[in-house]
Amino acid sequence: MKENSGEPVPVHTAAEGPSGSLPITGHMLHSAPSGEIFGMSQNAGMGWNPLLLNRPQYLILGTMGGIRREDGSPLALGYHTGHWEIGVMMEEVAHEITAHEGIPFAGYVSDPCDGRSQGTEGMFDSLPYRNDAAIVLRRLVRSLPTRKGVLGVATCDKGLPAMMLALAGMHNLPGIIVPGGVALPPVQGEDAGKVQSIGARFSNGELSLEEAADLGCRACATPGGGCQFLGTAATAQVVAEALGMSVPHAALAPSGQQIWKDVGRQSARALLQMEHSGIVMKDILTDRAIHNAMVVHAAFGGSTNLLLHIPAIAHAAGLRIPTVEDWNGVNRKVPRLVSVLPNGPVPHPTIRVFLAGGVPEVMLHLRRLGLIDESVLTVTGRTLGENLDWWEHSARRQDMRSRLREADRIDPDSVIMSPQEAKRQGMASTMTFPTGNLAPEGSVIKSAAIDPSVLDSEGVYRHTGKVKVFTAEKDAIRSIKLGLIQAGDILAVIGRGPSGTGMEETYQLTSALKHLPFGKYVTLITDARFSGVSTGACIGHIGPEALAGGPVGRLRDGDWVEVTVDTVKLEGSVNLVGDGEQPGTAADGNVLLAARTAHPFLAVDPGLPDDTRLWAALQAASGGTWQGCVYDTDKIIAALEAGRQALGWKS
C-alpha cells in the first residue's frame with residue numbers, strides 16, 4: 001500500500017458528543033427496556049434534537065438503489081430507473097412526518113431489475129428475491145420496536161410485491177404503500193418493452209446497427225420510475241391501490257414530478273391519521289379487498305406475475321388464498337377496460353392511464369357494474385365507496401383528464417373505456433387457464449395479449465404444429481436469432497420452472513416473437529413464467545413443472561402439439577396429439593406420454609445458486625406456484641419433521 005505523501009492526516013480519538021440531555025423520567029429508567037433508552041442515545045448521536053426525542057416514531061422503508069448527487073446526476077448507478085428516485089419520495093415523506101411532530105426513521109432494501117437480468121444467470125434470483133426481501137423488510141420493521149406505523153416506498157417487479165408482503169404481515173400496525181411511479185416514454189422512439197427486442201430484430205434484419213443504438217439509448221426517457229407499460233411493476237402499483245393499501249390515484253404517477261411528490265406527503269398524513277384512529281393492516285387487508293384487487297387486475301389486463309403475488313399477499317395477511325377457479329370466475333365476469341401498452345388495442349403508455357383517472361376511474365366503471373365491494377376500509381380511513389364518491393366529483397379528476405386532452409390530444413375515455421366501448425372494440429378478457437395432457441395441473445396465458453388477427457371468427461386461437469424443444473432459454477433465443485424458428489412452430493422451453501431456474505422469466509423470447517413478422521404464428525409453452533410486458537400466444541406456469549415429473553418434460557422434437565385458447569369463454573387446452581407424419585388425438589398423446597421417460601437433457605440449470613435451490617424446495621413444500629411461491633411455515637416444519645422421522649434422524 002502506497003503511503004500518503006504530504007501533511008499527516010488528523011485522527012480524533014474522542015468527541016464532545018451532543019449537547020443537552022435525554023427527555024427521560026425516573027419511571028422510564030425503572031420500567032423501560034434498556035434498548036428503548038439506548039435508542040434515544042443513538043438518536044441524539046445521529047443529531048436529532050434531544051428535546052424532541054419523545055415524539056412518535058414512524059418508519060419509512062424504501063427500495064432505493066444507486067447514489068444520486070444533489071443535482072440528480074449519478075455518482076453510483078442503481079440497478080434500474082424504478083428505484084433511482086425513491087430517495088426523493090422518502091425525503092418528502094420524512095419532511096411531512098417531521099412537520100407533524102413525528103420522528104421519521106428510514107431503512108432500505110434495494111431491488112433487482114428483471115429487464116437487466118433477462119437471459120442471464122441473474123434471473124435465477126429474481127422471484128426468490130421477493131420472499132427474501134419481504135423477510136428482511138419485516139425484520140427491519142420489528143427491529144424498530146418503537147415505531148407507530150410503516151410507510152413503504154417501492155416501484156418495480158419484485159421490490160413492490162416484497163414491500164406489500166412485508167406490510168401485509170404486520171397485521172396490527174398501520175401501514176401504507178407509496179408507489180414509486182412510472183417513467184415517461186421518449187418523444188420519438190420505443191418504450192422500454194419493445195426496445196428489449198432490438199437484438200432479435202437486428203439479427204433478423206429488421207433494424208440497422210445505428211437504429212438499434214439510437215433506440216436503445218432513448219427508451220428510458222426519464223431517470224426515475226417503472227417502465228412505461230402495464231407490466232409487473234405497473235400492475236403491482238395498481239394492485240396496491242386496489243387493495244386499499246395506497247391513497248387514491250397514487251398508482252402510475254410520473255416519477256420525480258410534483259404531483260408524484262404530493263402523493264408521498266398525502267400518504268404520510270394518512271399514516272399519522274391511521275395511527276391516531278387505531279386503523280391497522282388487518283383492517284385494510286380482508287378477503288373482500290383481495291377480491292377487489294383481482295377484479296381491478298382483470299379490468300386493467302394486468303401481468304400474469306400477479307398470479308404469484310396476490311396469493312402471496314393473501315397468505316402474508318392470513319387470508320384465504322385465491323384458487324385458479326377464483327381467478328377464472330373473476331376473468332369471466334370482469335371486462336377489460338384499459339387500453340395500454342403492451343396489449344392495447346392502442347398502445348398508450350402508463351402516464352396516459354394515470355391522467356385518464358387511473359385506478360379510481362376504472363373502479364367507477366366496476367362500481368356501476370356491481371363488481372367491487374365498496375364497503376372495504378382503505379388507508380384514507382374511509383371506505384372505498386367514500387373514496388370513489390370523492391373522486392367522481394373531484395377537481396383533481398377534471399384537471400387530470402383535461403391535461404391528457406391538452407398535452408397529448410387524447411380522449412381519456414379512449415384510454416379507460418366504458419364496458420360498452422370496450423366490448424365494441426373487441427377487447428378480450430385478461431387471462432385463460434388451459435389444461436390438457438401436457439398441463440394436468442393447469443397453466444396460464446394472457447389471452448388479452450394474443451394478436452387478434454390469429455383468432456378465428458369466434459375469438460378462438462387454434463394451433464396444431466410440430467414442437468421444437470429446448471431445455472435452456474439461451475438455446476431458444478439463439479435459434480430465434482439464427483432464423484431456426486419459423487411460422488407454424490410450437491416452441492417448448494422446459495425445465496425452467498422453480499426447481500430448474502427459480503422460475504425464470506422468458507421475456508427475451510416473447511419480445512422477440514412479438515416484434516418479428518412471423519412471431520404471431522408461433523406458440524410458446526413453458527413451465528417458466530413471463531414478464532408482465534409479454535405478449536403473444538405464450539402459455540406459462542405449466543404444472544407440474546418438468547423437473548417435478550410434469551408430462552411437459554417428456555416432449556421430444558417433432559411431436560405434434562395442439563393448443564386451443566377460447567378468448568371469449570376463457571377455456572383452453574395444451575395437448576400432445578402424436579409423433580407421426582400427421583397429428584392424432586389427445587388420447588394418442590396420453591399413450592405416448594405414459595410410455596416415455598423424461599427428456600434426456602432435462603436437468604437443473606448448472607448455474608442455479610444454492611439459495612435458489614433452497615427457495616424452490618421451501619415453496620414447493622408450501623404448495624408451489626399456484627399458492628404464490630410462499631413460505632408456509634407450518635407446512636415446511638411438518639415436512640421436515642416427516643422427513644426426519646422417515647430417515648431415522650434423532651433429535
Side-chain angles (χ1 to χ4, degrees), residues 79 110-136 157-159 161-162 232 304-305 307-309 312 441 443 469-479 491-510 524-531 534 538 540-555 597-632 635-636 639-640 643:
Y79 286 42
S110 194
D111 56 347
C113 175
D114 282 356
R116 186 180 292 275
S117 61
Q118 291 293 337
T120 75
E121 291 187 353
M123 186 51 68
F124 298 160
D125 292 291
S126 169
L127 185 54
Y129 162 89
R130 183 205 67 180
N131 288 17
D132 296 345
I135 290 171
V136 173
D157 293 34
K158 300 304 175 298
T232 304
T304 54
N305 274 321
L307 285 170
L308 303 171
H309 301 321
E441 288 184 357
S443 62
V469 183
F470 298 90
T471 57
E473 190 204 19
K474 63 184 180 184
D475 296 332
I477 191 64
R478 185 183 301 116
S479 292
L491 181 60
V493 183
I494 61 174
R496 315 310 283 179
S499 300
T501 66
M503 204 177 189
E504 66 184 1
E505 279 189 353
T506 58
Y507 180 59
Q508 64 170 343
L509 300 179
T510 60
L524 172 60
I525 62 174
T526 182
D527 52 4
R529 61 193 173 91
F530 301 123
S531 168
S534 292
C538 307
H541 297 226
I542 287 179
E545 62 173 311
L547 284 164
V552 71
R554 293 174 224 151
L555 281 172
T597 57
H599 191 286
F601 299 135
L602 186 65
V604 174
D605 193 289
L608 194 68
D610 285 346
D611 301 334
T612 301
R613 291 176 58 216
L614 179 60
W615 166 86
L618 294 176
Q619 66 85 35
S622 305
T625 56
W626 296 104
Q627 294 291 303
C629 295
V630 298
Y631 295 157
D632 187 316
K635 286 183 179 179
I636 292 168
L640 289 172

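- If you take CG on Leu509 and CZ on Phe470, they are separated by 9.0 Å, rounding to the nearest 0.5 Å.
- Here the side chain of Asp114 pairs no donor or acceptor atom with the backbone of Ser531 at under 3.5 angstrom.
- The heavy-atom pair separating Cys629 from Arg130 by the smallest distance is O-NH2, 3.0 Å.
- Here Tyr79 contributes atom OH and Ser110 contributes atom OG; the two are 6.5 Å apart, rounded to the nearest 0.5 Å.
- Of all heavy-atom pairs between Gly495 and Asp527, the closest is N-OD2, 3.1 Å.
- Screening Gln118, Lys158, Met503 against Ser126 for a side-chain contact (heavy atoms from CB on, under 4.5 Å) leaves a single residue, Lys158.
- The list of side chain to side chain donor-acceptor pair (under 3.5 Å) pairs with a residue in residues 600-623, not counting sequence neighbours, reads Arg496-Asp605, Asp610-Arg613.
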TODO: Would you sort out whether Leu555 and Ile525 count as a side chain to side chain contact (heavy atoms under 4.5 Å, CB included), showing the intermediate values?
DONE: CA-CA 11 Å; Leu555 281 172; Ile525 62 174; 4.1 Å; yes
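- Residues passing the side chain to side chain donor-acceptor pair (under 3.5 Å) test with Thr625, sequence neighbours excluded: none.
- Closest heavy-atom contact between Phe124 and Pro609: CB-CD, 3.8 Å.
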TODO: May I have the step-by-step check of side chain to side chain contact (heavy atoms under 4.5 Å, CB included) for Glu505 and Leu127, ending in yes or no?
DONE: CA-CA 9 Å; Glu505 279 189 353; Leu127 185 54; over 6 Å; no
- [ ] Show your reasoning for whether side chain to side chain contact (heavy atoms under 4.5 Å, CB included) applies to His309 and Thr232.
- [x] CA-CA 10 Å; His309 301 321; Thr232 304; 4.2 Å; yes
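- At least one side-chain heavy atom of Phe530 sits less than 4.5 Å from a side-chain heavy atom of Leu524.
- Here the shortest heavy-atom pairing between Ala546 and Ile494 reads CB-CB, 4.3 Å.
- Between atom NE2 of residue His599 and atom CZ of residue Phe601 there is a gap of 6.5 Å, rounded to the nearest 0.5 Å.
- The side chain to side chain donor-acceptor pair (under 3.5 Å) contacts involving residues 543-555 comprise Ser499-Glu545, where partners must be two or more places apart or lie in separate chains.
- Atoms OG1 and CG, on Thr471 and Asp475 in that order, are 6.5 Å from each other to the nearest 0.5 Å.
- Side-chain contact between Glu473 and Glu504: present, with at least one pair of heavy atoms (C-beta onward) separated by less than 4.5 Å.
- For Arg529 (side chain) and Thr506 (main-chain N/O), no donor-acceptor pair under 3.5 Å exists by modelled atom type.
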Open item on the list: Is there a side chain to side chain contact (heavy atoms under 4.5 Å, CB included) between His541 and Trp626? Walk through the geometry before answering.
Closed with: CA-CA 9 Å; His541 297 226; Trp626 296 104; 4.2 Å; yes
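- For the pair Thr120 and Ser117, the tightest heavy-atom approach, listed with the atom from each and the gap, is OG1-O, 2.8 Å.
- Side-chain atoms of Thr526 come within 3.5 Å of backbone N or O of Val493 as a donor-acceptor pair.
- Ala476 and Leu491 make their closest contact through CB-CD1, 4.5 Å (heavy atoms, listed as atom of the first residue, atom of the second, distance).
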